[in-house]
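Every heavy atom of this structure was used, including side-chain atoms; hydrogens, water molecules and symmetry mates were not. Each chain gets a letter, A, B and so on, in the order its sequence line appears, and its residues count up from 1.
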Protein chains: 2
Amino acid sequence: MKNIKRPQRRSKQRQTILDELKKLTTHPTAVEMYEIVRETLPNISLGTVYRNLEMLAANGNIVKLKFGTSARFDGNSSRHYHVRCIHCGEVNDIDELPEDFVKQDFDKLGGYKIVGCKVEFVGICPTCSEKNINEVSQV
Amino acid sequence: MKNIKRPQRRSKQRQTILDELKKLTTHPTAVEMYEIVRETLPNISLGTVYRNLEMLAANGNIVKLKFGTSARFDGNSSRHYHVRCIHCGEVNDIDELPEDFVKQDFDKLGGYKIVGCKVEFVGICPTCSEKNINEVSQV
DNA sequence: ATCAATAATAGTAACTGTTACTATTATAAG
DNA sequence: CTTATAATAGTAACAGTTACTATTATTGAT
Ligand SMILES: [Mn+2]
Ligand SMILES: [Mn+2]
Ligand SMILES: [Zn+2]
Ligand SMILES: [Zn+2]
């Protein structure tokens, strides 16, 4: 349960992180983003990258994915889905769900042999909807 | 990328972990499972709980969920889905998807006000499907 | 039932990704 | 320009998980 605060000023660190992530179609980790942004801002710190990626995700500018051991970030915040390879961990986009999705009878998608599917709804539980909370358990 | 090995012998530690998890409708963390199993086996170690939960998940006996900061485990391995509260982190089951799921126009599910939905397909990428691999990037 | 081979364990150290802390710098309002 | 303070760089601390090692338990063979 951490309190992610809204940005109140602009910084070229945050802007660069956002710009660089938006250029990518991959789903980099924080460390991968750090390496990319350092080409523009050689003195940026890894902590700054983590803090801003969280901020941007909490604000809906980007999306945080929790697939592997480390989180991955997606500059494409419009609605789409993902496949992850169970062996190498590679993550690819799936733009549209199969029409028979509810029946769960797909065996191939985006070239992948599909072996499973996880759906995670994110929402506000009845108890929390009464309180007015700024905190977030997890982005 | 870790190599999760198949169990070759039975142990009452692993059996107890599985039995106790199957009794629950909640989605406990490894530490929560540790505390539960210790009531039956007071000398079990936390490492054993982690190792066996991974094994059981890799074998499809249970399901590993990666929502919050720590992984959660689900003794119900039959097809169903989850809602997570963005504020308190509570996880609940959603047994059936709404029929209009593909259109993504739901605003309430299981009492939760829905603000998002993530779909993660798990599969084998074209490159890995050629090789014959035992390793797994992530359960 | 005893034995031998070795899988699995308990206990703990090490590791990894992430978050917190603090002095310094940059932003933006007045 | 000045001033208040948000945001930063650099680093320490932390949490969850995984690896290591000596010991114990399981299983198949005798
Ligand atoms: Mn994507
Ligand atoms: Mn469940
Ligand atoms: Zn692959
Ligand atoms: Zn809640």
Side-chain angles (χ1 to χ4, degrees), chain A residues 1-18 27-35 37-59 61-62 64-73 89 91 134-139, chain B residues 1-18 27-35 37-59 61-62 64-73 89 91 134-139:
Chain A
M1 195 88 85
K2 68 190 156 190
N3 201 331
I4 298 169
K5 54 171 85 94
R6 290 261 171 100
Q8 301 185 19
R9 293 179 187 175
R10 311 204 154 262
S11 76
K12 62 182 194 306
Q13 288 87 343
R14 179 161 51 249
Q15 192 58 51
T16 305
I17 289 165
L18 182 59
H27 304 87
T29 63
V31 170
E32 285 164 356
M33 278 308 297
Y34 175 54
E35 286 159 0
V37 174
R38 265 204 296 180
E39 292 173 17
T40 312
L41 304 172
N43 294 323
I44 196 171
S45 83
L46 181 56
T48 297
V49 174
Y50 271 106
R51 181 167 18 82
N52 281 298
L53 286 171
E54 289 299 328
M55 264 186 176
L56 291 165
N59 272 52
N61 302 107
I62 66 174
K64 184 178 181 181
L65 304 173
K66 311 209 54 185
F67 293 161
T69 50
S70 47
R72 293 183 169 276
F73 296 88
V91 175
N134 295 354
E135 281 177 348
V136 131
S137 72
Q138 165 72 33
V139 178
Chain B
M1 193 87 88
K2 67 189 158 193
N3 201 331
I4 298 168
K5 53 171 86 93
R6 290 262 171 97
Q8 300 185 20
R9 294 179 185 174
R10 312 204 153 262
S11 76
K12 62 183 192 309
Q13 288 86 343
R14 179 161 50 249
Q15 192 58 52
T16 305
I17 289 166
L18 182 58
H27 304 87
T29 63
V31 169
E32 285 164 356
M33 279 307 298
Y34 174 55
E35 285 158 2
V37 174
R38 266 203 297 180
E39 292 173 18
T40 312
L41 304 171
N43 295 323
I44 196 171
S45 82
L46 181 56
T48 299
V49 174
Y50 271 106
R51 181 167 18 82
N52 279 297
L53 286 171
E54 289 298 330
M55 263 185 176
L56 290 164
N59 272 52
N61 302 107
I62 66 175
K64 184 178 181 180
L65 304 173
K66 311 210 55 186
F67 294 160
T69 49
S70 48
R72 294 184 168 276
F73 296 88
V91 175
N134 294 355
E135 281 177 347
V136 132
S137 72
Q138 166 69 34
V139 178

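For Leu65(B) and dT17(D), the CG to P distance is 12 Å, given to the nearest whole Å. Distance Arg72(B) CZ to dG16(D) P: 11 Å, rounded to the nearest Å. Rounded to whole Å, the distance from CD1 on Ile4(B) to C1' on dT18(D) is 11 Å. Distance CG (Asn43(B)) to C1' (dA25(D)): 14 Å, rounded to an integer number of Å.
Side-chain atoms of Lys64(B) never come within 3.5 Å of backbone atoms of Glu54(B) as a donor-acceptor pair (strictly under, hydrogens ignored). Gln15(A) places no side-chain N or O within 3.5 Å of a backbone atom of Lys12(A) that could act as its donor or acceptor partner.
The nearest heavy atom of DNA chain D to Asn52(A) and to Leu46(A) marks one nucleotide each, and the one closer to the 5' end goes with Asn52(A).
When side chains are defined from C-beta on, Ser11(A) does not count as touching Thr48(A), because their heavy atoms never get closer than 4.5 Å.
Between its two ends, the helix from dA1(C)-dT30(D) to dG30(C)-dC1(D) turns its axis by 50°, counting five pairs per end and rounding to 10 degrees.
One finds the CE atom of Met33(A) at 7.5 Å from the CD1 atom of Ile62(A) (value rounded to the nearest 0.5 Å). Atoms CG and CD1, from Leu56(A) and Ile4(A) in turn, are 10.5 Å apart once rounded to the nearest 0.5 Å. In this structure, CZ on Arg14(A) lies 8.5 Å from CZ on Arg51(A), to the nearest 0.5 angstrom.
Within a heavy-atom distance below 4.0 Å of DNA chain D, the residues of residues 9-17 of chain A found are Arg9(A), Ser11(A), Gln13(A), Arg14(A).
Contacts between chain B and DNA chain C, taken as any atom within less than 4.0 angstrom of a protein heavy atom, begin and end at dA5(C) to dG11(C).
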